[in-house]
Amino acid sequence: MTENLWTFARSFIVTVMFMPALINFLRHSKEQAVIRKLGPDHQAKAGTPSMGGVLFVLAAVISAVVGGVASEGWHGFMLQLMPILAFVAFAIIGGVDDTLKILKHADDGFRFKPKLLAQTLSALVVMIVMWFMNVPFVLNVPFVGHIYLGGFYFIFMWFWLVGWSNATNLTDGLDGLLTGISIIVYGTYTWIAMAMHSQSIVIFNIAIIGALVGFLIYNKPKAKIFMGDTGSLALGAGLAIESILLGIPFSLVWFGIVFVIETLSVIIQTIGYHFWHKRIFPMAPIHHSFEKFSWREWQIDILFWIVTLLVSIVGILYMS
């Protein structure tokens with residue numbers, strides 16, 4: 001328990017202490033977010049630095065490694081290797097995307113095919129590490145049981161990592177929205193990992209939560225900095241891989257219900273416009289529809305946080 005507190009404190013303090021310096025650096029280097037012209041009227045946010053995820057990802061990884069070694073020795077570090085690898089790999093992909101957006105001064109960075117290829121290679125590397133560490137390629141399907149997938153496990157791994165990283169990326173559209181939801185979902189899996197005596201996952205999650213709490217100080221409305229794809233892709237990949245390692249991958253569909261709704265709103269909107277030339281929602285992802293109804297960012301954040309918290313409580317009670 002003491003090491004858990006230290007892990008939280010390390011990532012929190014590093015993020016809070018160094019974020020002002022990062023904000024100043026990004027402002028002076030003119031590495032600032034590009035606001036989509038097709039989205040809601042967020043032009044007041046133009047010039048806000050992005051890529052804040054660089055710092056909280058770094059803070060979380062350092063704190064997790066130190067905490068893992070301190071609590072379980074180098075064995076603890078090896079157990080954290082898979083979630084850290086997925087977390088960092090997708091952060092790098094997001095970092096490249098953010099950098100290209102800044103250089104091109106456009107809201108599209110990494111092109112679809114190269115980005116998908118990078119995500120696919122990252123999923124493959126994670127799976128190879130799982131194979132070397134003798135993690136069974138078994139999928140626990142609700143109401144069905146355990147299914148051995150063998151080589152087909154890669155297809156699931158690819159779909160899970162790519163799908164959830166993009167789902168969290170879509171959710172990151174308002175100040176503080178994804179940060180707050182992620183704190184709650186990672187906190188939920190921390191509780192579950194404690195019940196399963198998976199200390200490596202506990203340390204990994206607490207490190208991320210500490211960094212996110214520190215980041216929220218600067219990311220709450222009106223945000224002084226955005227996390228960028230660097231942070232949003234990493235957060236989704238981290239949740240995806242740990243749900244697999246805990247043996248309850250499909251629980252993420254419930255605990256991450258807001259991510260699911262955000263993604264479905266985009267899919268439904270795209271299908272409706274493509275086939276019938278009609279918009280099903282005022283705007284997608286769905287959090288922007290609330291803006292169209294004159295909701296403030298804080299109001300939308302709190303609503304989505306409460307929904308996430310309630311489904312998390314229900315899920316934990318059901319699993320207890």
Drop me the distance from Ile208's CD1 to Ser11's OG, to the nearest 0.5 angstrom.
9.0 Å

Give a yes or no on whether the backbone of Ala167 and the side-chain of Glu262 come within a donor-acceptor separation of less than 3.5 Å.
no

Strictly distance-based, threshold 3.5 Å: is any side-chain N or O of Asn169 a donor or acceptor partner for the main-chain N or O of Ser165?
no

One pair to check against side-chain contact (heavy atoms from CB on, under 4.5 Å): Leu233 and Gln119. What are the steps and the verdict?
CA-CA 10 Å; Leu233 291 178; Gln119 292 173 322; 4.2 Å; yes

Output the distance between atom CD1 (Ile225) and atom CG (Asn219), rounded to the nearest 0.5 Å.
8.5 Å

Between the side chains of Ser50 and Asp98, does any donor sit under 3.5 Å from an acceptor?
no

Is Asp175 salt-bridged to Lys220, cutoff N-O under 4.0 Å?
no

Taking only residues two or more places apart in sequence, or in another chain, which ones meet Ser63 in a side-chain hydrogen bond (donor to acceptor under 3.5 Å, both in side chains)?
Arg10

Would Leu174 and Trp295 count as a side-chain contact (heavy atoms from CB on, under 4.5 Å) if you check the C-alpha gap in whole Å, the side-chain angles of each, and the deciding distance to 0.1 Å?
CA-CA 12 Å; Leu174 298 177; Trp295 283 49; over 6 Å; no

For Leu235, is there any backbone N or O sitting under 3.5 Å from a side-chain donor or acceptor partner on Tyr186?
yes

Within a 6.0 Å radius of atom CH2 on Trp305, are there more than 12 heavy atoms belonging to other residues, nucleotides or ligands?
yes

Of the non-hydrogen atoms in Pro249 and Leu139, which two are nearest, and what is the gap between them?
CG-CD1, 3.8 Å

Apply side-chain contact (heavy atoms from CB on, under 4.5 Å) to the pair Phe18 and Leu22, showing each step before the final yes or no.
CA-CA 6 Å; Phe18 290 100; Leu22 178 62; over 6 Å; no

Looking at every non-hydrogen atom in both residues, tell me the closest pair between His288 and Glu291 and how far apart they are.
ND1-OE1, 2.7 Å

Might you work through the side-chain contact (heavy atoms from CB on, under 4.5 Å) test for Ser312 and Thr308, ending with a clear yes or no?
CA-CA 6 Å; Ser312 295; Thr308 305; 4.2 Å; yes

Quick check: does any side chain N or O of Trp191 sit under 3.5 Å from a backbone N or O of Ile316, one acting as donor and the other as acceptor?
no

Report the distance from atom CD1 of Ile206 to atom OG1 of Thr7, rounding to the nearest 0.5 Å.
6.5 Å

Scanning both residues in full, the closest heavy-atom pair of Leu212 with Ser182 reads CD1-CB, 3.7 Å

Using only atom types and a distance under 3.5 Å, with no angle test, would you say the side chain of Ser232 pairs donor to acceptor with the backbone of Asp172?
no

Keeping the roles fixed (side chain from Thr168, backbone from Trp164), state whether a donor-acceptor pair exists under 3.5 Å.
yes

Centroid-to-centroid, Trp158 to Tyr153, below 6.0 Å?
no

Between CD on residue Glu242 and CD1 on residue Ile192, distance to nearest 0.5 Å:
9.0 Å

If I compare all heavy atoms of Ala123 with all of Phe154, which pair ends up nearest, and what's the gap?
C-CE1, 4.1 Å

Heavy-atom count check: over 12 atoms from other residues, nucleotides or ligands less than 6.0 Å from Trp131 CH2?
no

Hydrophobic cluster (4.5 angstrom, side-chain heavy atoms) - remaining members for Leu170:
Val266

Value for CG (Asp97) from NZ (Lys115), rounded to nearest 0.5 Å, stands at 4.0 Å

How are the rings of Phe56 and Phe215 set relative to one another: parallel (under 30°), tilted (30 to 60°) or perpendicular (over 60°)?
tilted

Is the number of heavy atoms from other residues, nucleotides or ligands under 6.0 Å of Met17 CE greater than 12?
no

Under the side-chain hydrogen bond (donor to acceptor under 3.5 Å, both in side chains) rule, collect the residues that match up with Thr171, sequence neighbours excluded.
none

Which heavy atom of Ala223 sits nearest a heavy atom of Phe226, and at what distance?
CB-CE2, 3.8 Å

From Gln199 atom CD to His197 atom NE2, the distance as rounded to the nearest 0.5 Å:
11.0 Å

For Tyr189 and Ser251, work out which heavy atoms get closest and say how close.
OH-OG, 2.7 Å

Counting only N and O atoms by type, is there a donor-acceptor contact under 3.5 Å from the side chain of Ser198 to the main-chain atoms of Ala193?
no

